[in-house]
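Have a look at the structure below, then the notes.
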Amino acid sequence: QVQLVESGGGSVQAGESLRLSCSVSSFTDDLYYMAWFRQAPGKEREGVAVRDKIGRTTYALSVKGRFTISLDNAKTTLSLQMYRLKVDDTAMYYCAARWAYGGSTFDSLAPIGYDYWGQGTQVTVSS
């Protein structure tokens, strides 16, 4: 069983930065995808950023160039560095992980197919 625990959320002003962290209980080399998702009130959960075990990253168009996903050298903490935050970035942010390679047609930014989820950390951006 993999446990994911997010931290680092908070309330900031538009234009500011925030760094989210996800502590992973399992050996991350066994996890093929590690990702950040978010869900705003009344909206569906959406993928924000994904890192695969080779280190390749994928970002949602809405955050590309502003957010960076990374895994620390110890491979125990997945981070999401968020710059130039916008009011539209306000959401509950979740860390997720999937064991297996999904294939060439797998949409790694879609919530379906992920095996483990954290409880979430709230990010609120005000104007």
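The analysis underlying the following values was restricted to heavy atoms, covering all of them including side chains, and did not include hydrogens, waters or symmetry mates.
With values rounded to the nearest 0.5 angstrom, Thr77 atom OG1 is found 12.5 Å from Leu20 atom CG. Taken to the nearest 0.5 Å, the NZ atom of Lys75 stands 10.5 Å off from the CG atom of Asp30. Atoms OG1 and CD1, on Thr57 and Ile69 in that order, are 8.0 Å from each other to the nearest 0.5 Å. Atom CZ in Arg19 sits 9.0 Å away from atom OG1 in Thr68 (nearest 0.5 Å). Rounding to the nearest 0.5 Å gives a distance of 9.0 Å between CD of Glu6 and CE of Met92. Atom CD of Gln3 and atom OG of Ser23 lie 9.5 Å apart (nearest 0.5 Å).
Here the side chain of Thr90 pairs a donor or acceptor atom with the backbone of Val125 at under 3.5 angstrom. The main-chain N or O of Gly65 is found under 3.5 Å from a side-chain atom of Arg84 such that the two form a donor-acceptor pair.
At least one side-chain heavy atom of Gln81 sits less than 4.5 Å from a side-chain heavy atom of Ser17. Annotation: side chain of Leu78 is in contact with side chain of Cys95 (closest heavy-atom distance under 4.5 Å). With a 4.5 Å cut-off on side-chain heavy atoms, Leu4 and Trp117 do not count as touching.
The heavy-atom pair separating Tyr59 from Phe67 by the smallest distance is CE2-O, 3.2 Å. Across every non-hydrogen atom of Gly47 and Ala60, the tightest pair is O-CB, 3.4 Å. Taking every heavy atom of both residues into account, Leu18 and Val12 meet most closely at CD1-CG1, 3.8 Å. Counting all heavy atoms, side chain and backbone alike, Met82 lies closest to Val123 at CE-CG2, 4.0 Å. For the pair Ala40 and Ala91, the tightest heavy-atom approach, listed with the atom from each and the gap, is N-CB, 3.8 Å. Closest heavy-atom contact between Lys53 and Leu31: CB-O, 3.6 Å.
Heavy atoms from other residues, nucleotides or ligands lying under 6.0 Å from CD of Glu16 number more than 12. Other residues, nucleotides and ligands place no more than 12 heavy atoms under 6.0 Å from the CG atom of Leu61. Other residues, nucleotides and ligands contribute only 12 or fewer heavy atoms inside 6.0 Å of the CD atom of Glu44. The environment of Gln119 atom CD is sparse: at most 12 non-hydrogen atoms of other residues, nucleotides or ligands sit within 6.0 angstrom. Within a 6.0 Å sphere centred on OH of Tyr83, other residues, nucleotides and ligands contribute 12 heavy atoms or fewer.
Taking the six-membered ring wherever Trp is involved, the centroid distance between the rings of Phe37 and Tyr94 does not fall below 6.0 Å.
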message: Quick one, Ser79 with Trp36, criterion side-chain contact (heavy atoms from CB on, under 4.5 Å). Give me CA distance, side-chain angles, the key distance, then yes/no.
response: CA-CA 9 Å; Ser79 296; Trp36 287 96; 5.7 Å; no
- request: Give the intermediate values and the outcome of side-chain contact (heavy atoms from CB on, under 4.5 Å) for residues Tyr114 and Val50.
  value: CA-CA 11 Å; Tyr114 279 81; Val50 181; 3.7 Å; yes
task: Apply side-chain contact (heavy atoms from CB on, under 4.5 Å) to Trp99 and Val2, showing your working.
output: CA-CA 10 Å; Trp99 287 114; Val2 175; 3.4 Å; yes
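Counted by atom type alone, Arg38 and Tyr93 present one or more donor-acceptor pairs between their side chains at under 3.5 Å.
With Val48 as the partner, the side chain to side chain contact (heavy atoms under 4.5 Å, CB included) test is satisfied by one option alone out of Leu109, Thr58, Val63: Val63.
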